[in-house]
Every structure is written in structure tokens, then in C-alpha cells.
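Structure first, then comments.
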Amino acid sequence: MEMEEFLLVYMVDEVDLGYNRRGLTQMAAWNVIDAYFAQRGMVQHQIESFDHFVQESLQRIVLDLPPIVAESDPQYLDGAPRAPDKVTITFGQVYISKPIYRNEALTPNIARLRGLTYAAPLFVDITILVEK
């Protein structure tokens, strides 16, 4: 059940706790909060936030980066000027591997118990365009 539906149902069921014209009373609000955490747990919202970041937001951030453009100074070879080289770097698809430690899979709980970081390798496709 979505949070909005849950809140509406809870307000109707708990009229004796007091739903006034300004909204839920403090007691009803705490009951809703307690019921939310009883159903979803204390860290579920953090897990969902991390998953959303890894699966969607990180790629969007990388794609929003402007290309990196580097241009060399003009070169003078044999007395004749040579046009500067221009290099453009753009970033593409992001890949994140599973965290591992000593060739075994690592879970957040195992990392916490062993005092390890839950770090994972991150790879990005890049395109390099060299213009001479």
C-alpha cells in the first residue's frame, strides 16, 4: 500500500485519536510513523535511496557532464606554424561491479562485521576525439 493510501486509511480508522481540521493530532501522527516503520523497517528507505542512486541518478549525473576539451599551444616545427591539437573527452555508460573482498562476494552486513568498506569498482565508457 502506498504511503498516501496508508495515511488516509489510518486517519479514518483512528478517529478516536483525533483528526481535526488542521490535520492529524500528534498522537495519530506518531501512530502513523510507528506503523510505517513496523511495515517497512528502519533502513528500507535508505536502501531504496541507494539503489535509485546507483541505477538511475549516477548515470544521469555522468551524462550531464559537459565534454572536457583540451587544446595544445601552437607548435613551430622547422619554422612553420602547426595548428594546435584539440582533444575532446566525453563520458558515456556507467558500470558498477559488485563489491568483492579477496575474491569473495561482499554484502553490506559482512563488510560492517569485518570493518571493511562496501566499495565497488566503477567504470565509465569514454570517447576520446583527437583533432589535429
Side-chain angles (χ1 to χ4, degrees):
M1 188 180 325
E2 294 295 321
M3 184 61 185
E4 295 82 24
E5 297 170 348
F6 181 76
L7 186 60
L8 182 61
V9 170
Y10 207 97
M11 287 188 302
V12 171
D13 290 345
E14 299 293 334
V15 288
D16 59 320
L17 290 177
Y19 175 74
N20 57 34
R21 289 186 180 150
R22 293 187 314 200
L24 288 174
T25 62
Q26 186 174 5
M27 176 65 89
W30 280 111
N31 284 336
V32 170
I33 292 168
D34 289 341
Y36 175 82
F37 284 118
Q39 179 183 9
R40 307 258 323 211
M42 293 293 286
V43 295
Q44 187 62 34
H45 66 284
Q46 293 176 344
I47 293 170
E48 290 172 358
S49 175
F50 176 77
D51 290 343
H52 183 268
F53 174 74
V54 169
Q55 295 168 2
E56 295 180 30
S57 298
L58 188 59
Q59 182 66 55
R60 229 177 297 132
I61 290 168
V62 169
L63 292 177
D64 285 346
L65 292 172
I68 297 172
V69 179
E71 195 168 331
S72 66
D73 290 333
Q75 302 293 315
Y76 295 93
L77 302 172
D78 299 327
R82 186 175 134 216
D85 294 337
K86 180 178 174 183
V87 177
T88 305
I89 301 172
T90 55
F91 300 97
Q93 182 66 42
V94 175
Y95 306 94
I96 299 178
S97 297
K98 298 276 185 197
I100 57 170
Y101 178 71
R102 295 189 178 169
N103 295 328
E104 65 180 68
L106 189 62
T107 64
N109 191 43
I110 292 173
R112 183 182 57 82
L113 293 173
R114 293 183 184 175
L116 302 171
T117 181
Y118 189 65
L122 180 126
F123 303 94
V124 179
D125 288 339
I126 61 171
T127 303
I128 301 174
L129 176 64
V130 179
E131 299 174 35
K132 295 190 178 242

All pairs passing salt bridge (Lys or Arg N to Asp or Glu O under 4.0 Å) where residues 96-105 contributes a residue, at least two apart = Glu104-Arg114
Which hydrophobic side chains are connected to Val87, either touching it within the sub-4.5 Å cutoff or through other members that do?
-> Phe50, Phe53, Val54, Leu58, Ile61, Val62, Leu65, Ile68, Ile89, Phe91, Val94, Ile96, Leu122, Val124, Ile126, Ile128, Val130
Please list all pairs passing the salt bridge (Lys or Arg N to Asp or Glu O under 4.0 Å) test where one or both residues lie in residues 49-59, with sequence neighbours left out.
-> Glu56-Arg60
Remaining members of Leu113's ILVMFWY cluster at a side-chain heavy-atom cut-off under 4.5 Å?
-> none
Mind checking what makes side-chain hydrogen bond (donor to acceptor under 3.5 Å, both in side chains) contact with Asn109, not counting sequence neighbours?
-> Arg112
On a heavy-atom basis, the closest approach of Pro67 and Thr88 is CB-CG2, 3.9 Å
Could you pull out all residues at least two apart from Thr107 that satisfy side-chain hydrogen bond (donor to acceptor under 3.5 Å, both in side chains)?
-> none
Does anything in residues 122-132 pair up under salt bridge (Lys or Arg N to Asp or Glu O under 4.0 Å), and if so which pairs, sequence neighbours excluded?
-> none
With sequence neighbours left out, the residues meeting side-chain hydrogen bond (donor to acceptor under 3.5 Å, both in side chains) with Glu48 are Arg40, Gln44
Apply side chain to side chain contact (heavy atoms under 4.5 Å, CB included) to Pro66 and list each qualifying residue two or more places apart in sequence or on a separate chain.
-> none
With clusters built from Ile, Leu, Val, Met, Phe, Trp and Tyr whose side-chain heavy atoms come within less than 4.5 Å, directly or transitively, what are the remaining members of the cluster of Phe123, listed by chain and number?
-> Tyr95
Please, which pairs that meet salt bridge (Lys or Arg N to Asp or Glu O under 4.0 Å) have at least one residue in residues 66-77, sequence neighbours excluded?
-> none
Which atom pair, heavy atoms only, marks the closest approach of Pro99 to Ala119?
-> CB-O, 3.4 Å
Side-chain hydrophobic cluster, 4.5 Å single linkage: members besides Leu116 = Tyr101, Leu106, Ile110, Tyr118
